[in-house]
Amino acid sequence: MISEQSWADAQLLWDYHQMHHELRACSVAIGLGSHDLGVADTTVDLYKRGLAPLIVFTGATSRTTQHRMPRGEAVHYRDRALELGVPGDAVLVEPRAGNTGENIRFSRAILETAGVEVSSVLLISKPYEERRAYATARKLWPEVEIVSASTPMTLEEYVDSIQDARLVIDMLVGALQRLLIYPEQGFMISQTVPGEVATAYDRLCRAGFTSRLATETA
């Protein structure tokens, strides 16, 4: 059983992880690969709404996607976009990235190779990864404006989609930990974590939601 306190703490983390940026037209939309095809769907939706003239999907495979997406996350995302009516020449694929930093660096490189001028990026991720993606992109690509986006949904809706509440809370905790430790390692910019969010994180760690924590030297 998950206590009412743990659910309340998870909600605090969920709200903090989302940047609540106002969407606007950008030079390119970059969809960060993962197990969640909803990222591809949302990227396509924003493209069709005229918020970006070009899409980059980025991501290789991971332990959670190697069977579900054996040809690579970015490739499967592109297939999904084509199924949804996006023309092939509007989608670039970056198939090598294995983490968020590589997502940004390799996407930047492929756009430079293609001769695409970028002043702003519409960065699409899973809902609880918005802030981490933003902080990473600001560190590695500081000269462009970053607009974070994800599929609009509540914590309850996301839990229903994953069908594993404990795993979702573990992921929220793991994402928050990286926001705390990665800036010192040079992986992302530092951001202020409100006291109530930090306290909620500590309580969730003590309650055992720790399966997605990284080592301090990750």
Side-chain angles (χ1 to χ4, degrees), residues 13 16-36 39-40 42-43 46-47 51-65 72-75 77-78 91-151 171-193 212-218:
L13 266 62
Y16 176 69
H17 282 311
Q18 296 184 51
M19 300 295 294
H20 307 290
H21 283 168
E22 182 177 351
L23 298 181
R24 70 169 188 82
C26 293
S27 306
V28 63
I30 298 179
L32 303 184
S34 72
H35 64 274
D36 187 354
V39 174
T42 297
T43 304
L46 297 176
Y47 167 84
L51 295 181
L54 180 69
I55 293 170
V56 176
F57 287 128
T58 169
T61 58
S62 67
R63 287 179 299 173
T64 57
T65 61
E73 296 156 5
V75 173
Y77 275 23
R78 180 180 187 275
V91 183
L92 298 177
V93 170
E94 186 296 295
R96 298 185 298 123
N99 56 53
T100 308
E102 290 182 350
N103 287 142
I104 302 303
R105 290 193 290 109
F106 295 170
S107 294
R108 179 179 183 176
I110 200 171
L111 287 163
E112 289 175 352
T113 298
V116 179
E117 293 188 9
V118 178
S119 60
S120 55
V121 171
L122 188 57
L123 192 61
I124 302 96
S125 65
K126 299 186 293 295
Y128 67 89
E129 292 282 6
E130 272 195 33
R131 188 173 292 275
R132 176 184 178 185
Y134 171 82
T136 304
R138 291 287 295 116
K139 178 69 176 184
L140 299 177
W141 208 350
E143 62 270 32
V144 305
E145 181 179 357
I146 305 297
V147 179
S148 283
S150 64
T151 305
M171 291 189 293
L172 294 173
V173 170
L176 197 286
Q177 181 217 27
R178 285 157 177 79
L179 292 172
L180 295 171
I181 68 174
Y182 278 6
E184 292 185 359
Q185 299 177 32
F187 297 150
M188 61 177 64
I189 64 167
S190 179
Q191 298 178 92
T192 300
V193 178
R212 292 302 174 113
L213 292 181
T215 64
E216 292 290 327
T217 57

Just by modelled atom types, is the Y16 backbone N or O under 3.5 Å from a matching donor or acceptor in the R131 side chain?
yes

Interatomic spacing from OG1 in T136 to CH2 in W141 - rounded to 0.5 Å:
13.5 Å

For Y77 and A40 the tightest heavy-atom approach is CG-CB, 3.7 Å

Result for side chain to side chain contact (heavy atoms under 4.5 Å, CB included) between V56 and one of N103, I30, L32, T43 points to I30

According to salt bridge (Lys or Arg N to Asp or Glu O under 4.0 Å), who are the partners of R78, at least two apart in sequence or on a separate chain?
none

Which heavy atom in I146 sits nearest to a heavy atom in R138, and how many Å separate them?
CG1-CD, 4.0 Å

Here the pair of heavy atoms bringing Y47 nearest to A52 is CD1-O, 3.2 Å

Side-chain donor/acceptor pairs under 3.5 Å, residues 91-101, sequence neighbours excluded:
| unit_1 | atom_1 | unit_2 | atom_2 | d |
| --- | --- | --- | --- | --- |
| E94 | OE1 | T58 | OG1 | 2.6 |
| E94 | OE1 | A97 | N | 3.3 |
| E94 | OE2 | R96 | N | 2.6 |
| E94 | OE2 | A97 | N | 3.3 |
| N99 | OD1 | G101 | N | 3.1 |
| N99 | OD1 | E102 | N | 2.8 |

Name all pairs fulfilling the ring-ring contact (aromatic ring centres under 6.0 Å, His included) condition that reach into residues 107-139, sequence neighbours left out, sorted by first residue then second.
H21-Y134, Y128-Y158

Can you sort out the partners of Q18 under side-chain hydrogen bond (donor to acceptor under 3.5 Å, both in side chains), two or more places apart, ordered by chain and number?
none

Drop me the distance from S148's OG to H17's NE2, to the nearest 0.5 angstrom.
13.0 Å

Once salt bridge (Lys or Arg N to Asp or Glu O under 4.0 Å) is applied, do any residues pair with R108, and if so which ones, sequence neighbours excluded?
E112, E143

Here the gap from R212 atom CZ to M171 atom CE, rounded to the nearest 0.5 Å, amounts to 6.0 Å

Atom pairs and distances, side-chain donor-acceptor, residues 115-126, under 3.5 Å, sequence neighbours left out:
| unit_1 | atom_1 | unit_2 | atom_2 | d |
| --- | --- | --- | --- | --- |
| S119 | OG | S27 | OG | 3.3 |
| S120 | OG | S27 | N | 3.1 |
| S125 | OG | E130 | N | 3.4 |

Side chain to side chain contact (heavy atoms under 4.5 Å, CB included) for L54 and L111? Distances and angles first, verdict last.
CA-CA 10 Å; L54 180 69; L111 287 163; 3.8 Å; yes

Return the minimal non-hydrogen interatomic distance between I181 and T215, and the atom names on each side.
CD1-O, 3.9 Å

Within this structure, what is the CD-CG distance for the pair Q177 and L213, rounded to the nearest 0.5 Å?
4.5 Å

Under 3.5 Å: donor-acceptor pair, side chain of Q191, backbone of L179:
no

